[in-house]
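A note on names: the letters A, B, ... follow the listed sequences, proteins ahead of strands, and every chain is numbered from 1.
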Amino acid sequence: MNPAAAGAPIRVRIAPSPTGDPHVGTAYMALLNLIYARQRGGRFVLRIEDTDRARFVAESEQMIFDALRWLGLEWDEGPDRGGPYAPYRQSERTPLYQQAAADLLAAGRAYRCFCTAERLESMRRAQAAAKLPPRYDRACRSLPPAEAAARAAAGEAFVVRLAVPLDGATTFRDELRGAITFDHANVDDQVLLKSDGFPTYHLANVVDDHAMYISDVIRAEEWISSTPKHVLLYDAFGWPAPRFWHMPLLRNKDKSKISKRKNPVSLIYYRQAGYLPAAMINFLGLLGGGMPAAEDAAAEKFSFADMLARFQFDQIRLGGPVFDLEKLRWLNGLYLRALTPEAFLEAVRASVFGEAYLARIAPLAQERIETLGQFFDLTDFFFLDAVVPPREVFLPKKRTLEDTLRVAVALTAALEAAEWTPPALEAALRALAQTQGWSAKEVFMLLRALVTGKTASPPLLESLEVFGRARTLDRLRRFLEIQAARPAPPPAPRPAE
RNA sequence: GGCGCCAUCGUCUAGCGGUUAGGACGUCGCCCUCUCAAGGCGAAGACCGCGGGUUCGAAUCCCGCUGGCGCUACCA
């Protein structure tokens, strides 16, 4: 059965990988896929691509569920709700990929590769030195299959690589762009099965899309270059390929692919910062075209239902849209003001002064309070949209601005990686102090200044735990951004103290 | 570097051979107003990246160039 044949049921999917906070790009793709499916009476599948055990983050999967549901982007089939093609978690489907790899091996469309990471690295170094494109040199491709099988059986570590045809080219159709051709000379012998037995995205995605009867692969533009590998795989398996739709990539202000460094990308952040799901959906719908002409201001405000009724996939713009926070904020304001006073009050109560949030903040203030009136003085940073610490607050005595900024950058990286619990945070901060040559006290104070805007606060680690990673990182990055944008100040006199 | 994709105001976009190139965000001004927002009105802002074609006529079609972006992992 050909899932992409005319008349075949429409089935689409998103395949996020649980490697961190749920990403705004995931929401964008989910929205587009959902609309595509709903407009055609199809099904929308959520599949978790947890094949990278090195980057796996345990809480991430649940956060993806929560974030998508917060936006109202509900799926028809998925790990938590099952479906006819379960399981929907790739880590639970490994036998399928191993069988697929074995089939490919047997058919001579793939081969075992025993090259070590060190050899691959030196190979790439040599290629770079010779100004050659970095590509696997196919050293293991000529190994007799029997010999390779014997070495594998003897316990030698190996990966399975796709045997890309030595000449010719692969052409596929992108529904938005037409035919795209890649010369085989430019397609690498991609790793299909890693030495840990897990598949790479390329293998897993093809095997699963086929097994799940996916009719249309609607994904981000960054996948165009690897599509020929996927097409080659479908061909090797003798399976019909789905239709491919590559959507424009969301961008930072400087037009680069949207990234956490330059833009808040965590859906957790947007929820905590008080954006409304309807506004976020509306905003994403505005990006990349697809909605009919906006003749006036009112036409730019629309709901998910409006998108269902009017969104047109063939009207999608191919230029990557800048994710303009200013416009998102304006839209969000529009929605907030449209709320009834009762609904608005409820939103404030639930979102800003949520019972659970307050319950965690109150104990932090209690020990250092004399009148209840001081509560907000002590805890304001938990509720502010942003804090901008003045230089005398964030610049430690005896440190230069350059030095401080360097530590702030390292601090951001350390907090990105740390487990979000006070003990883990403390360990990370102390380790950072060590490597940066700062005292723990200085590091704690810098972080306190950047997050709270003050030099005095409730216990920092506990405050961070409550405040959350997404907003903490946003404050640090916003600070770094402001400092980077600021012209280098003259060798300033030390702030008088 | 190689390969690929893309290209209308600062930003999001409308336009799909003949328009004063329209709207929105942002910016600026005026009005409203105790302030600030919101709201109303208005302004500035795009020789449609550049150069060639095709055509009576190109933002719209074709080619080249340039620029931007993406990919170039045992990450997705």
Side-chain angles (χ1 to χ4, degrees), chain A residues 15-20 23 25-26 48-56 90 113-117 120-121 124 127-136 157-161 169 172 174 176-178 180-188 190-205 219-229 246-258 282-301 314-331 333-334 336-338:
Chain A
S17 65
T19 51
H23 199 275
T26 301
I48 295 294
E49 307 238 335
D50 54 350
T51 57
D52 184 349
R53 76 192 205 303
R55 294 202 306 157
F56 180 76
Q90 292 186 327
C113 169
F114 300 90
C115 293
T116 61
L120 293 177
E121 199 181 313
R124 285 190 198 106
Q127 287 167 337
K131 293 197 190 300
L132 289 167
R135 212 111 60 199
Y136 179 56
F158 66 94
V159 301
V160 174
R161 285 182 185 272
F172 62 92
D174 177 282
L176 261 16
R177 291 160 250 258
I180 297 178
T181 298
F182 282 83
D183 217 87
H184 289 330
N186 295 315
V187 182
D188 204 1
Q190 185 58 236
V191 170
L192 264 18
L193 203 64
K194 304 179 232 181
S195 56
D196 63 4
F198 278 82
T200 58
Y201 170 85
H202 307 284
L203 211 217
N205 130 44
R219 73 216 321 184
E221 188 181 351
E222 56 189 328
W223 292 107
I224 289 179
S225 333
S226 38
T227 303
K229 293 166 189 169
H246 294 278
M247 299 296 152
L249 231 31
L250 265 23
R251 310 291 182 94
N252 297 311
K253 269 190 149 42
D254 65 3
K255 303 277 191 175
S256 56
K257 174 166 96 167
I258 195 165
N282 191 157
F283 177 66
L284 292 175
L286 239 23
L287 302 180
M291 282 299 273
E295 298 292 321
D296 57 81
E300 294 213 336
K301 190 182 180 195
D314 56 10
Q315 290 299 302
I316 285 173
R317 292 285 113 193
L318 266 13
V322 170
F323 191 92
D324 184 3
L325 262 176
E326 297 263 28
K327 189 151 185 179
L328 205 209
R329 293 174 73 88
W330 165 76
L331 250 183
L334 226 49
L336 247 16
R337 277 175 249 120

Measure distances between side-chain N and O atoms of A:Thr200 and base N and O atoms of B:rC74, and say whether any donor-acceptor pair falls under 3.5 Å. no
What is the distance, to the nearest angstrom, from the CG atom on A:Asp324 to the P atom on B:rC12? 8 Å
Closest nucleotide of RNA chain B for A:Phe283 versus for A:Ala157: which of these residues is on the 5' side? A:Phe283
Under 3.5 Å, side chain of A:Asn252 to main-chain N/O of A:Asp254, donor-acceptor pair present? no
For the pair made of CG in A:Leu325 and C1' in B:rG26, what is the distance, rounded to whole Å? 13 Å
So, OP1 or OP2 of B:rC71: does either fall under 4.0 Å of a side-chain N or O from A:Lys257? yes
Does A:Arg177 make a side-chain donor-acceptor contact with the base of B:rC5, cut-off 3.5 Å? no
On the nucleotide B:rC74, are OP1 or OP2 found under 4.0 Å from the side-chain N or O atoms that A:Arg161 carries? yes
So what does A:Ser195 hit on the nucleic acid, given a heavy-atom distance under 4.0 Å: a base, only sugar-phosphate, or nothing? base
Which nucleotide sits closest to the side chain of A:Asp52: B:rG1, B:rC75, B:rC12? B:rC75
Give A:Val159 one of three labels, base, sugar-phosphate or nothing, depending on what nucleic acid heavy atoms sit under 4.0 Å from its own. base
Atom pair distance, as rounded to whole Å: CH2 in A:Trp330 and P in B:rC25: 5 Å
If you check the A:Arg55 side chain, which of B:rC12, B:rC74, B:rC75 turns out closest? B:rC75
Roughly how many Å is it from CH2 in A:Trp223 to P in B:rC3, rounded to a whole number? 22 Å
So if I take every side-chain heavy atom of A:Asn186 and compare against B:rC3, B:rA76, B:rG68, which nucleotide ends up nearest? B:rC3
Mind checking A:Leu193 for me? I need base, sugar-phosphate or nothing, with any heavy atom below 4.0 Å counting as a touch. nothing
Round to the nearest Å and state the distance from A:Glu300 atom CD to B:rU11 atom P. 16 Å
Does this structure show an ion pair linking A:Asp324 with A:Lys327, if we count only N-O contacts that are shorter than 4.0 Å? no
Who is the Watson-Crick or G-U wobble partner of B:rC65, with both distances under 3.5 Å? B:rG49
Write down the distance between CZ (A:Phe198) and C1' (B:rA76), rounded to a whole number of angstrom. 15 Å
Taking atom P in both B:rG10 and B:rC48, what distance in whole Å separates the two? 13 Å
If you look at every strand shown and take non-hydrogen atoms under 4.0 Å, does A:Tyr201 touch a base, only sugar-phosphate, or nothing? base
Using only side-chain N and O atoms of A:Arg317, determine if any of them is under 4.0 Å from OP1 or OP2 of B:rA14. yes
Taking the side chain from A:Asp50 and the backbone from A:Phe56, do they hold a donor-acceptor pair closer than 3.5 Å? no
Hey, is the side chain of A:Lys194 poking within less than 4.0 Å of OP1 or OP2 on B:rA73, counting only N and O atoms? no
Look through every strand shown and name the nucleotide pairing with B:rC25 as Watson-Crick or G-U wobble, where both distances are under 3.5 Å. B:rG10
If you look at every strand shown and take non-hydrogen atoms under 4.0 Å, does A:Arg135 touch a base, only sugar-phosphate, or nothing? nothing
Using only side-chain N and O atoms of A:Arg337, determine if any of them is under 4.0 Å from OP1 or OP2 of B:rG39. yes
Counting the atoms with a prime plus P, OP1 and OP2 as sugar-phosphate, which does A:Pro199 contact under 4.0 Å by heavy atoms, base, sugar-phosphate, or nothing? sugar-phosphate
Output a table of donor-acceptor pairs, distance under 3.5 Å, between side-chain atoms of residues 198-205 of chain A and any protein atom two or more places apart or on a different chain; print 'none' if there are none.
from: A:Thr200; atom 1: OG1; to: A:Val191; atom 2: O; distance (Å): 2.8
from: A:Thr200; atom 1: OG1; to: A:Leu192; atom 2: O; distance (Å): 3.4
from: A:Tyr201; atom 1: OH; to: A:Arg219; atom 2: NH2; distance (Å): 3.3
from: A:His202; atom 1: ND1; to: A:His230; atom 2: NE2; distance (Å): 2.8

From the options B:rC16, B:rC5, B:rC74, select the nucleotide whose nearest atom is closest to the side chain of A:Leu120. B:rC74
Can you tell me if A:Asp188 uses its side chain to pair, donor with acceptor, with the backbone of A:Lys229 under 3.5 Å? no
Among B:rU13, B:rC74, B:rG70, which is the nearest nucleotide to the side chain of A:Ser225? B:rG70
Is A:Pro134 touching bases, backbone alone, or none of the nucleic acid, heavy atoms closer than 4.0 Å? base
Rounded interatomic separation in angstrom, taking CG from A:Asn205 and C1' from B:rC75: 14 Å
Under 4.0 Å from OP1 or OP2 of B:rG70: is there any side-chain N or O of A:Arg219 that close? no
Rounded interatomic separation in angstrom, taking CE from A:Met247 and P from B:rC5: 17 Å
Can you tell me the base-pairing partner of B:rG1? Count Watson-Crick or G-U wobble geometry only, both distances below 3.5 Å, and say none if there is no partner. B:rU72
State whether A:Thr51 places a side-chain N or O below 4.0 Å from either non-bridging phosphate oxygen (OP1 or OP2) of B:rA76. yes
